[in-house]
Structures are given as C-alpha cells and as structure tokens.
Amino acid sequence: MHDLFESVYDPAQIEEAIQKHWVKSKIFEAYEDESKEKFYCLCMFPYPSGRLHMGHVRNYTIGDVIARYKKMKGFNVLQPMGWDAFGLPAENAAIENQTHPAKWTISNIEYMRNQLERLGFAYDWRRELSTCDPSYYRWEQWFFTRLYEKGLVYRKEAEVNWDPVDQTVLANEQVIDGCGWRSGVPVERRRIPQWFLKITDYAEELLDGLDSLEGWPESVKTMQRNWIGRSVGVNITFTVDGARDNLEVFTTRPDTLMGATYLAIAPDHPLAQEFAGNNEAVRKFLDDCRETPVSEVDFEKMEKKGVPLGLSASHPLTGDPLPVWVANFVLMSYGTGAVMSVPAHDQRDWEFATKYGLEIKQVIEPENDEDIDLKTQAITEKGRLINSGAFDGQRSSEAFRAIAAELKLRNLGIEKVQYRLRDWLVSRQRYWGCPIPVLYSDKDDILLEQGEKLPVRLPEEIDLDGVTSPLQGSLDFLKSVGSDGRVLRRETDTFDTFFESSWYFSRFCSYDAKGSMVDGRTSYWMPVDIYIGGIEHAVLHLLYARFFHKTMRDEGLVSSNEPFKKLLTQGMVCKETYFRKHGAKKVYFNPSQVETETDSKGRVVSAILKSDSNPVEIGPVEKMSKSKNNGVDPEELIKAYGADTVRLYTMFASPPEQSLEWSDSAVEGASRFLKSIWRLVKRHVDRGLLASAKNNQNLPTSLQTIRRQIHETIVKVSDDIDRRYKFNTAIAAVMELVNNLSRMKVEEDASQQVRQEGLEVTVLLLTPITPHITEVLWRALGHNEDIADTTWPSVDRSALIKNENNIVVQINGKKRATIVLPLDCKKEVYESKAIEDPNIQKYLTENSIVKVIVVPNKLVNIVLKPK
RNA sequence: GCCGGGAUGGCGAAAUUGGUAGACGCGCCAGAUUCAAAAUCUGGUAUGGGAAACCAUGUGUGGGUUCGAGUCCCACUCCCGGCACCA
C-alpha cells in the first residue's frame, strides 16, 4: 500500500485498493469477546428505494465516524447493515414497471449495497439481513403466535380509508384532499376486522422508561411522553332515559362536573347507532361523518359539528336533565367515546355551545381575580369552585378529590388513568409484507400457524393490479386444511412494516441463528449503544421498537429493558430549487442544469437554464426530493471527488442534528483540503523521515506553542466526536492545525520532529472521517500497520500548560481592550492592570467607577456611573 | 388544530456553564506565480463612518431580567418534522 502514495492525490485509485484490503483482512468483522468493552453502533436501515440519496450518505457517515472512532479507542465494535425491504413503494413500482415487488426490491438492494461499499463504511457484511427474506420474517410470525398465547394480540374492527371506486383500502399517504389518489373520489371510512398488539399494556413502562434514557434528546422523550399521553381523571356514569345502557364518560376535570350542561358522544358510539334509526337528522349526520379520512390531521381540521340525539341523561349529583348530542369531534378510540361538556371551562365545548346555543354555566372562578369574559372565551385554568353546592369555595384540586369520592360513594364514578396511546393496529391490506400467520374456519374460529408450518411464505405467482389484494386472488394461498380435516381460510392481511423494523437490531447480533429468533449473542451486544437516524422516527418507529423489545424481554429472548441507549437524530439534506411557472404549475429544474449569476459581493442575483440560456426563478432551499428536482446524486459525486471528500463534506457542512444545505462549491473546498494535506505530507516526507517529537524538552517556545496546538486539537476533536457529536467543529479544529503545520518553518531536525508529530496526529484524527486517504498517509509517514486498527492519539498533558492568558476588559459590558496577564493572579491585579490600560483610561473620570467584576482568567468588566 | 424543533455576515456555520459575536469553510476582492489560464500560495472581507487608531450599529420581531443576553423569561412572526396505513 506504500506505492499508493504518489505525487498527486488520486482518490479513485486509492479508495478501491483500500476497500479491497479491508475486505481481504476482514478487519470489520465483529466477534463476541468478553474481555473487551463492546460498542454496538447502528444506523436506521434503509428502505431499498433504488439508489442511495444524500440523506443515507449523511446518516451512514455519521454512524461510521462514531464506529471507527470507538474502534480506535479500543472498543469491540459492531456495525451491521440491512434492508427494510417490505413496503408500499415496491407494489407501486411493480405496477408501474410491470415487474414483481420481490424482483424490484432485490435488484435495488444489489445496487445500493454496491453504493454503500463504495463509500467505505466499516460494516460487518456477514450480518446483512433483508426483512423480506422468509428466514427473517418467520421469526416475527413465530413471535406473533407467542404474543397471541399471552393475550397481547387481539382482533377487532377498525376503520380504514376506503376507495369506493377502486374498491380498495388506501394508506393515509394515498388520500389527497380527502380523495383517493388514483380514483379522485372522496374516500369513506369503513370498518373491517383487524389485528392489534396491546401496546397499551406497556404504556406505563414505556412512559417510565423514558426517564432512564439519559442518552436520548429531551425533545424526543417529550414527544413520546405526549404521545403516550397519561392523564388522571374520573370515569363518570350518567343514566340515560330510555336507553339500554348507562353512558360512561371520562373527564380529567371532575371539579367542573357541576358546570356540565350537555353530553357529547362519538358518531360511532353504540348509543348513537342505537338511536339513529328513528331520527332522520342523526342518520344523515352519521352518514356525513363517514366522509372524513381517518388521519388525525383531517380530523382536527374539520369543522366541529353535532346534532342532538333527542335523549336526556341525568346529572349524577343533581339529577338535572342534560341533553345528549352526537358530535364529530368526539373520538371513539379515546376514553369511553363520550364526554361531559363544560362549556364554561373548556374551549372546544365553549365554541360548540356558542354555535348551537347551549347553556354555559360558570362553576370555577380564577384564583388570581383575573377578569375573563365568558362571552368571549372559556376559563380553562383551575381555580375556586362556585355555583357548585356543597363544593363551593374548594380549590380545583380539592374538588377533584371530593367530587370523585362523592361519585364513588354513589357508585357513579371511579378514578381512572387514561392514555392517549392506542393499541397498535398491525394489519395491512397489502401484498408486499409479512403474512399474518392466522387461519379462520368457516365459523370464523381463529387458528394460528405453528412450528413446522412457519414461515407462512408470500406466494410468488401473483397478479398485481393496484386494486384487490393479490393474496385474496391466490387460491393456493387462501385455502388450507386443518389437522382435523376442516377447510380453513388463510388471513390475507400482512403486517405493518414497523413490525419488521421493531426487532432487526436484535437479529443482527444473532444473524445466523437457525433454530431461534435470537440467541445468547444478542445479550452480549444489546442494547444498541448509539442509534442514528432521522428525527421523523421520533415517535412511531422508536416507540414500537421499545415496546417490541420489552415483549421480547418478557419472553426471555433479550435481557435489556431498553433497546437504544443513546439516540442521535439527524436533520434533512437540503438544496436550493429552481423553477419556471406554467400557469399555476411549477416545473422544477435540477440545480446542475442551472447557472447562477452573482454580483460583486457574491450574492446570487439571477439564474438561467444552461440548455436554453433563458431565466429561471430561484426558489427556496428545500429538502432534496424528486418532486422539487433538487437532488444531488451521491454516486456522481463519489466518481468526481472520491468517497473521502463526500464523507468529509457531509460531516463538515453542519452538525448532525441540524439540516444540511448542500453546496457544490463547498464540496470542492473539502476536496481542496484533502489535496493540501496530501501535498504537505509529500513535502514533509521528501525532507526525510524522523521520529516524532515526544515532549517539550529542549524545544524553543515557538515549537512548544505548536505542540500545544497539536495536543489541544486532540482534546478538542476527541470531545467533539465522543461527547458532543459535533463533527463539523472537530474538522474545523483539524483544519486549523493543518494550516499551522503547513505555515511552520522547518529548518532544523527539532521542527521536523514536531511536524512529524503534528502530521501523525492530523492523520489519526481524520481517520474516522476520511479513512482511505489517511490509510495511505499513515504508511507514508513511516508506519506499517493499518491505521483503521491503530489506537487514537493520547494527549500529552504537559504540552497543554500555558503561562499567560488574554484577558478581555469591558466597560459596561462592552469590550474596550485586551490585556495579557499571568495565570490565576489576584483580583486586585486584574483591576489595577485593567484600569491602567490606555484604552480604558480615556473612559474613566474621577469617581466614575461603580464596581469591577472579575471573571478569573477570562474577563474584567468595569461598571461606570450613568452620566 | 395538537406535539416537538429552528431562525446568527453574500452563503454553510462557530460561540460547550450568562462573559471577546462571526472560529473553520464557501463565495467575493486584491496581490504573487504564469506567455496566458487552470492549479497553487499570500492578504482582505458583518454593516455604516474613518487614511488609521477607533467609534456606532448588529444574532427573526416586540418587551423583560442582569454588571453583562445569540444564550435566561414573556408575547409574537415565519420555516421545518410528526400526528398512528410513507418509511
């Protein structure tokens, strides 16, 4: 590999040779080793959509930098990669391109694996897995049967978006403005029986567990807490005249019970269904409600409407009659599907009551005597009770308990903890997913496939038309015969793809286990030490994965309580957009086809399309996407600059959690930096190699200063990679070091030795980020071992010692001078030296100083009397 | 609508615990090198004023706390992510 160090840096050549070397030396294969501390570094696996995009490159480079760093720090590192291979796009692509989802997916995987290899990621490829492989999904089918036996799985009717023309179920994504994306007609809600996992049984633990996740961003934990949505309240029973059953409502504000003026129930509440028959207006209302798509956004944005059901309930404490309404904003899936409405103290109830002329009765007055006009809004804050009979004068918190106790005494209410979290609906009416291993008899008895019968494989011969599920059309798949000779019908729904992504990280550890879902190796590697992926997964994927992991723990399959110790969420990759308007429609042009003109300060003033030289409009910077045609193809960049430059640029452009704005010229800059290091090492080596400096003995001050910079850079870069995950500032620090090393005058051996040390440190610090070029430079600097296998440089503490500091002198908080002082001097010295400074003197008049604030080794602030 | 996040030069960004705003890079300007260009090297570059020293202003908007605020508090604007069938 020494022969790769030629006079000109040629990334294509060296990267290929070094990648081959890594494969041959099996350097990234991970084995369990109890004598070493393990580190499991994982990035969210990709959906094989066809080609790698910049978001992937960024995600996987972040992971690779951390994995390689940890390896150099002596950890036993596992970094695997696989494919989240089931999903809707494969079915769409299959219809569009007249191919099979499996074929399309597998060829995408082949292509994208090559692209990943070309980027030089340190994966243990032996562990590669694909979720559409029966040897993978058989275990989730098996696990589903285990959960069924434990009572954590059930079948229940649930609503789906139904396209009445195509006669098919639509994903939320396929509903555009309330209409089917192909048919264009309004979708309907339809109830069909589906499978659920009882995630709500784990709600408490999922909530409490967040407190132990110290390595997770607070924002993600807050989102999960809000999603789980624990609230404490009371289930109150109202009797309804003429109805079979009592009406139960859940409320978090029993203190406002005396202000309830009506009840509202969900359109699909049994009581509404029961009484709709003899009421034309109610029937029509329920029909209208079926036209809102099932997504929460549509639900929240719709106009709040209702109709009186014509029934009267009686207040549990006063016996007063309360009208029962059906309202479209009440959710059947939360609480009991019915609410008591207190318009004086709930804003939504207030709006509803105002709209329909219902009574508004105030029962709480604010404690701080705030003047809120009930004619304009509700009083939602807690306070003191009024108009509440025996409860008058109590505070909300006291009244909560008193009223709950009174209801309990009358057997009309019980305290209850309610979660917003709903059970996980895992059924999908699609082909390209893992078959749910269930059979039904002609009487709809449920039988689960077991043992030898698993996996239930997806049939390969299918007919995809985008309308009916191909599984329903496949007679061989549908029909089965039970052990007793009964003819059975197979479940045609497949699992939600979040099912596969909820446990793949455990399977990576036991990737080749034949007889079980996972084995003891998983206990060695789990939990994942750092998990890196998009912020868009903050709730769903990350909550399902935590839940699934806990169910696996309770089955004795894994030993940790949480799957991901640390979470790093990365931002999006963005790029400017260019377009022309054709009427209302915008036609976007890829930035590579556009030429911009700048003014004398480099400001972009106009843009033209290269092909016709006519102007195009400049749009905002947006997430790279097909629809905005602003994607940059990683493959072309790698061809032009090499993987190291692409890796360096994506790490340098912005910190991982922020969005990254792509700039082609800044990529050029990254490439320039690597070339300049190459040249510097060349120049250095040509002078003749000497052993690197080891300490400050016999070195002149100028070289001691350089050694201090070298070791300060090690401190800075280690902290940035290990603790802060700020690779951009780590790179900036290395750039500064390289700038200093290339400017230093090397005449005698001592400085050549210091520069040798500096260059070795530079190359080591850059290795996690640009591992190919550093492998070559490491050998050029006189080493024979692989740099990827070398240890991270250690800090010479004695080189860091400083004798003086620059101290800022402020007047009234504004910087007016800097002075140089020895370390840790007395407060009086700071004061007198600051006041002596000529720049400060001119601001001072007799007795003008009020006080002086000294921040040791940093700053002096002189506070003057106001004039 | 609800939940979470963001806003700093021409641009990407830095400022880690309330203590020098703009490190590092891109772009731009000037110079060196060159027959010329590319590449490379050197210097400059927040805005306004000034020959300079320096002065004033400046971190989305409006208020506040503090000796001192990009950082903390209150109110708002715009942008982004998620909202349970995209992954």
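Just so it is clear, the structure is predicted and the values come from calculations on it, not from any experiment. Chain identifiers are assigned alphabetically (A, B, ...) following the order of the sequence lines, protein sequences preceding nucleic acid strands; residue numbering begins at 1 within each chain.
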For [X], which contact category applies under a 4.0 Å heavy-atom criterion: base, sugar-phosphate, or nothing?
{"X": "A/Ala538", "value": "nothing"}
{"X": "A/Met44", "value": "nothing"}
{"X": "A/Ser501", "value": "nothing"}
{"X": "A/Arg816", "value": "sugar-phosphate"}
{"X": "A/Glu536", "value": "base"}
{"X": "A/His541", "value": "nothing"}

Separation of the [atom1] atoms in [N] and [M], to the nearest angstrom:
{"N": "B/G43", "M": "B/U57", "atom1": "C1'", "value": "27 Å"}
{"N": "B/G18", "M": "B/G4", "atom1": "C1'", "value": "26 Å"}
{"N": "B/G68", "M": "B/C76", "atom1": "C1'", "value": "26 Å"}
{"N": "B/A53", "M": "B/G49", "atom1": "P", "value": "16 Å"}

Could you check if the base of B/G49 is syn or anti? Syn means the glycosidic torsion is within 90 degrees of 0.
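Base orientation relative to the sugar is anti.
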How does RNA chain B read in dot-bracket, base by base from 5' to 3', with Watson-Crick or G-U pairs under 3.5 Å and | used when the partner is on another strand?
(((((((..(((......[....)))((((((.......))))))((((....))))..(((((..]....))))))))))))....
Using a cut-off of less than 4.0 Å, is there contact between a side-chain N or O of [X] and OP1 or OP2 of [N]?
{"X": "A/Arg724", "N": "B/A15", "answer": "yes"}
{"X": "A/Gln658", "N": "B/A14", "answer": "yes"}
{"X": "A/Tyr843", "N": "B/C55", "answer": "yes"}

Between the protein and nucleotides 63-72 of chain B, list the N/O to N/O atom pairs that are separated by less than 3.5 angstrom.
| unit_1 | atom_1 | unit_2 | atom_2 | d |
| --- | --- | --- | --- | --- |
| B/C67 | O2 | A/Asn861 | ND2 | 2.5 |

